[in-house]
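Written below as structure tokens is the structure these notes are about.
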There are 2 protein chains.
Amino acid sequence: MQRHQATIKEIAQKLGVSISTVSRALQNNTRIGLRTRERVWELAKTMHYVPNPAAIFLKKNRTYTIGVLLPYLQEEFFSMAISGIEDVALEKGYNVVVSQSRDKFDREEKALKSFLSSRVDGVIASVAAETNNYSHFKEVEHFGTPLVFFDRVPRNLEANKVRCSITDGAFEAIEFLIGKGIKRIALMNGPSNLEVCDERLNGYLTAIKKFNLETSPKYIKSTDLSKEDTIIKMKELLALEEPPEAILTFNDYLALYAMQVCKQKGLVPNKDMLFVSFANLPMTFYLDNPPLASVEQFAYNMGVKATELLINIIENPAEEMPPYQEIVMNTKLIVH
Amino acid sequence: MQRHQATIKEIAQKLGVSISTVSRALQNNTRIGLRTRERVWELAKTMHYVPNPAAIFLKKNRTYTIGVLLPYLQEEFFSMAISGIEDVALEKGYNVVVSQSRDKFDREEKALKSFLSSRVDGVIASVAAETNNYSHFKEVEHFGTPLVFFDRVPRNLEANKVRCSITDGAFEAIEFLIGKGIKRIALMNGPSNLEVCDERLNGYLTAIKKFNLETSPKYIKSTDLSKEDTIIKMKELLALEEPPEAILTFNDYLALYAMQVCKQKGLVPNKDMLFVSFANLPMTFYLDNPPLASVEQFAYNMGVKATELLINIIENPAEEMPPYQEIVMNTKLIVH
DNA sequence: CTGTTAGCGCTTTCAT
DNA sequence: ATGAAAGCGCTAACAG
């Protein structure tokens, strides 16, 4: 249980060579004789030598760590994205530090501060539902740390973004409902500060218009994504003189909350009231009565793309890169 | 976008004092005059000074980082545990690095290697379903890094462990079924290398015995926790001459897989075949027909306890501590 | 109350 | 082909 790890210094002493020789040998620098290199490698292995990353950082100013900030690990969407992030990061030699904002602005601020103080090489973030001021993110860039937003990207902020074409997904979802002969379609959206919510709204409105249907502000609800708020808004929809026949929800969870309200009111979900949602989470496979359809957002792939972009930015001098990059991925409506 | 961060050296120069004065002032060392301390703090703030953790590590041989290794982030049980881990860790000034083994032995090995090479101060781990050789974990201890197992603790290995009293939970679950007049109860367990599986089996057998029921090896199935294997084992149970009337499953997911098999065979779950499971995951709240009851394991709290124990070990000299500690938490049967 | 100095483990320039 | 030495940012023993 000795809290001591082998260093190049020790290797150098045992071998009777200098520290710099060992350092170079370990980097397979050809300036060092083959024989010496072999001896160094051999001893390093038997001594269980592992380079000390802090020392390397001090020299190179790189931690080979990326910070990931997202609302909830518990949401399958995000844990799937993490898997994608982790796979790419580990393969490219980076570690991943994860923090949850729990959709709170102050947690988000703290997490970013902590990322900066631990000198992560880059940050991937999906913004909290509460956030509508991005100064803490600007601080990250001001600190010189590359930042990539994914999925929940901020509105009106130039930045690196990886997201999917929610607008198209919403359009396709509405089109699907219209194809079922539905006329009155409501939108149970998220908080208006998120661009992903604008997109849902745009896709919804575009489809409504294109197919000559009507909607009304009463059919368009904004929630803070919580169960409580969703229930309130759902009750409002059901209390309308002409309640909608179908609802497009921000994600699968909101659909499930809303479906519970339906049941309480004696309505059979997907029969008396149709549901289509976003995310297409694996958990819905377990449900007897999942939303009729859901817009698959390919969370894992978005994680992969975001990480590739981030590492690309980290490893390439700013001059050679365009100021900001945006990657937009396709969605796909999955009918259950 | 300057990739340069303030250092105490710069602060010292601007203030015309020595580096060590600044270092001490920043630590609020009373040996430094109040006035000086104030001036240092003020300048540090305006210069956005953030201490460089790598430099501190180099001195103190501490990274203030803990590595968490678990099977799947996607499983709510683990993501809830992470929340508990994160909350304690952040509060005590530690960062959290997460890795998933995906129940694979070689991923587990790699993740541990990576933890060691990044010199985490301690490791919290829940072992992979595949693992039945613990040499990679022994390597961690040999390296001098404190290790705490949680929930899926290894069998026959002395170590720090935080787990819950699965045996009692299993007993209570069987008792519950017996109270419903059920006679033939099967156990759909996990892989036998996990101690948590022994415990399920023990609790099951103890209850069967105590209430003078009978069971048979045919009623006791071991799975690798995958959906595929669960389906196979479930079909075997249903194909028996006298199929069980109720099944206790390793966790909620297995119950859901098994229930799907029932439905395919025309049986109504929880009517023709009763299900009781472990974990009591929030996702089951969304189900129309969740398992009849589930043994709550308080994942968040286990995460909290494991982290408290680990940090305790990290921060206290080995001499003052018992060699290994084991914390066993209570479970609670939740009837749905 | 404050400064000087050595050193944590490693890379890298400059010598040889 | 190899070594000496400086320095990354910080702490802490020692010296006033």
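A note on names: the letters A, B, ... follow the listed sequences, proteins ahead of strands, and every chain is numbered from 1.
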Legend entry - Donor/acceptor link under 3.5 angstrom from Arg24(A) side chain onto base of dG3(D): yes

Legend entry - Distance-only donor-acceptor test, Thr36(A) side-chain atoms vs dA1(D) base atoms, 3.5 Å: no

Selection from [options] that lies nearest to any side-chain heavy atom of [X]:
{"X": "Leu58(A)", "options": "dT11(D), dG9(C), dC8(C)", "result": "dG9(C)"}
{"X": "Lys59(A)", "options": "dC10(D), dA6(D), dT2(D)", "result": "dA6(D)"}
{"X": "Ile56(B)", "options": "dT11(D), dG9(C), dC10(C)", "result": "dT11(D)"}
{"X": "Arg31(A)", "options": "dC14(C), dT11(D), dT12(C)", "result": "dC14(C)"}
{"X": "Ala55(A)", "options": "dA12(D), dG9(C), dT11(C)", "result": "dG9(C)"}
{"X": "Ser18(A)", "options": "dC8(D), dA4(D), dT11(C)", "result": "dA4(D)"}

Inset, instruction - Check whether any side-chain nitrogen or oxygen of Ser23(B) sits under 4.0 Å from OP1 or OP2 of dC10(D), and answer yes or no. - result: no

Inset, instruction - Ignoring backbone atoms, establish whether Gln27(B) has a side-chain N or O less than 4.0 Å from OP1 or OP2 of dA12(D). - result: yes

Legend entry - Aromatic contact, Phe143(A) with His48(B) (centres under 6.0 Å): no

Inset, instruction - Quick one: label Thr7(B) by what it contacts on the DNA or RNA (base, sugar-phosphate, nothing), any heavy atom closer than 4.0 Å. - result: sugar-phosphate

Inset, instruction - Using a strict cut-off of less than 4.0 Å between a Lys/Arg side-chain nitrogen and an Asp/Glu carboxylate oxygen, indicate whether Arg152(A) and Asp103(A) qualify as a salt bridge. - result: yes

Can you give the donor-acceptor pairs under 3.5 Å from side chains of residues 65-75 of chain A to other protein atoms, not counting sequence neighbours?
from     : atom 1 : to        : atom 2 : distance (Å)
Thr65(A) : OG1    : Thr63(A)  : O      : 3.1
Tyr72(A) : OH     : Arg102(A) : O      : 3.4
Gln74(A) : OE1    : Ser83(B)  : OG     : 3.4

